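As the structure is a prediction and not an experimental result, all values here were calculated from the model. Residue numbers begin at 1 in each chain, while the letters A, B, ... track the order of the sequences.
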Number of protein chains: 2
Amino acid sequence: MALLKAREAVMSRFRPTLHAHDLTEQQWRVLRALTTAEEFRAGELARVSSISMPSLSRILRALEKRALIQRGVEDKDLRAAQISITASGRELIALIAPHSERRYAEITTAFGEDRLATLYGLLDELAACLNDGAEAPPEDEE
Amino acid sequence: MALLKAREAVMSRFRPTLHAHDLTEQQWRVLRALTTAEEFRAGELARVSSISMPSLSRILRALEKRALIQRGVEDKDLRAAQISITASGRELIALIAPHSERRYAEITTAFGEDRLATLYGLLDELAACLNDGAEAPPEDEE
DNA sequence: TCGATTTATATAACATGTTAAATATTAACG
DNA sequence: CGTTAATATTTAACATGTTATATAAATCGA
């Protein structure tokens, strides 16, 4: 699958930097998502960072142990978690972000800004088109 | 990552069919690759199906247990495996292939043949551009 | 208010990806 | 030759994806 190879090629550029700071790709996505709002509920965080709830649950446990995030519960709904990034978490991001942005810039110049934009557009449209095409893909008669 | 979401959207169309026959996405890739030549060495198979050697090793063990593939060793090189698909394996493929092709056709018509071709081209070029850009992505001074 | 259903999150079980190390075999070199 | 380096494959250890199930809390209806 072309999508698979392209994604692998892209991620291989970012992994070394993340690995140097003992972060996985998914942990990085979660941390960065947490900088975009004061607090998140677990479900929101999973949607925003495209990570399944079971994985997110494990990731949060790991990040909490490293004190990169903190958790609370909502007053109004004792089921809901309030997840936020800590000062340490922000420091780590500040440490990594420049590297990450440099890699991204490398990719942009290597591939071309315009083509990258076109690619983004097509990918978004493909996902959108498939997702609302049919919520439950029809399993043909059998 | 847009690549991630697009891939997930695509695969969610194929997974139900595969799951109904107790196959994972990767096992399916391996089986199909095996139909394109008489025999494969493990390393070739890993490259062709974009699966890491450790994963492939586990997958081959599982597929062999189900008698969908068979293994031998090369005369000239006792390290090298000779992996080939069995009759049962071909039967399973014949059973699934029509469903798989129908899903693919659905995606093609939903998204548009021309746009799909454009997307393929961009993905291939992106992967190629990143892969020979630099074998070892330069880790900047730190 | 009680009980059934939904919602938010967590856990279990299994397969795969990633990294590193182990094993076996071949090739290369002194 | 024998020792070392390279190659093909496997295994180990850990993190994640996928599916199914469990737990807890909220909501809804009788």
Just the rounded figure in Å: distance from [atom2] of [N] to [atom1] of [X].
| X | N | atom1 | atom2 | answer |
| --- | --- | --- | --- | --- |
| A:Leu63 | D:dA15 | CG | P | 11 Å |
| B:Glu74 | D:dT7 | CD | P | 16 Å |
| B:Trp28 | C:dT16 | CH2 | P | 15 Å |
| A:Leu23 | C:dT19 | CG | C1' | 16 Å |
| B:Leu45 | C:dT16 | CG | P | 13 Å |
| B:Glu44 | D:dT7 | CD | C1' | 14 Å |
| B:Met53 | C:dA20 | CE | C1' | 15 Å |
| A:Asp75 | D:dA25 | CG | C1' | 14 Å |

At less than 4.0 Å, is any side-chain N or O atom of [X] found next to OP1 or OP2 of [N]? Yes or no.
| X | N | result |
| --- | --- | --- |
| B:Gln26 | D:dG17 | no |
| B:Ser55 | C:dG17 | yes |
| A:Arg15 | C:dT18 | yes |
| B:Arg61 | C:dT16 | no |

Base D:dT9 to side chain B:Arg79, donor-acceptor N/O within 3.5 Å cut-off: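 Side chain to base: no pair below 3.5 Å.
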
Step-by-step side-chain hydrogen bond (donor to acceptor under 3.5 Å, both in side chains) determination, A:Arg58 to A:Ser55: CA-CA 5 Å; A:Arg58 289 174 298 210; A:Ser55 296; 3.2 Å; yes

Note, B:Ile69 side chain near B:Leu31 side chain (heavy atom, < 4.5 Å): yes

Can you identify which nucleotide, out of [options], has its nearest atom closest to the [X] side chain?
| X | options | result |
| --- | --- | --- |
| A:Thr24 | D:dT16, D:dA8, D:dT10 | D:dT16 |
| B:His19 | D:dT19, C:dT25, C:dA15 | D:dT19 |
| B:Glu8 | D:dT18, C:dA15, D:dA26 | D:dT18 |
| A:Arg29 | C:dT25, D:dG17, D:dA12 | D:dG17 |

Determine the contact category for [X]: base if any of its heavy atoms lies under 4.0 Å from a base atom, sugar-phosphate if only primed atoms, P, OP1 or OP2 are that close, otherwise nothing.
| X | result |
| --- | --- |
| B:Arg71 | sugar-phosphate |
| B:Leu56 | nothing |
| B:Glu25 | nothing |
| A:Arg58 | base |

Main-chain N/O of A:Ala67 paired with A:Thr86 side-chain donor or acceptor, under 3.5 Å: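 Checking the backbone N and O of A:Ala67 against the side chain of A:Thr86, a donor-acceptor pair under 3.5 Å is found.
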
Under 3.5 Å donor-acceptor, A:Arg41 side chain and A:Gln82 backbone: no

Contact summary for B:Arg32 and B:Ser100, nearest pair of heavy atoms: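 Scanning both residues completely, I find the closest heavy atoms to be NH1-OG, 4.1 Å.
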
A:Tyr104 and A:Phe14 aromatic ring geometry - parallel, tilted or perpendicular at 30°/60° bounds: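 Tilted: the ring planes of A:Phe14 and A:Tyr104 meet at 30° to 60°.
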
Given DNA chain C, 5'-ward residue of the pair B:Ile51 and B:Leu78, judged by closest heavy atom: B:Ile51

A:Pro54 or B:Ile59, whichever maps to the more 5' nucleotide of DNA chain C: A:Pro54

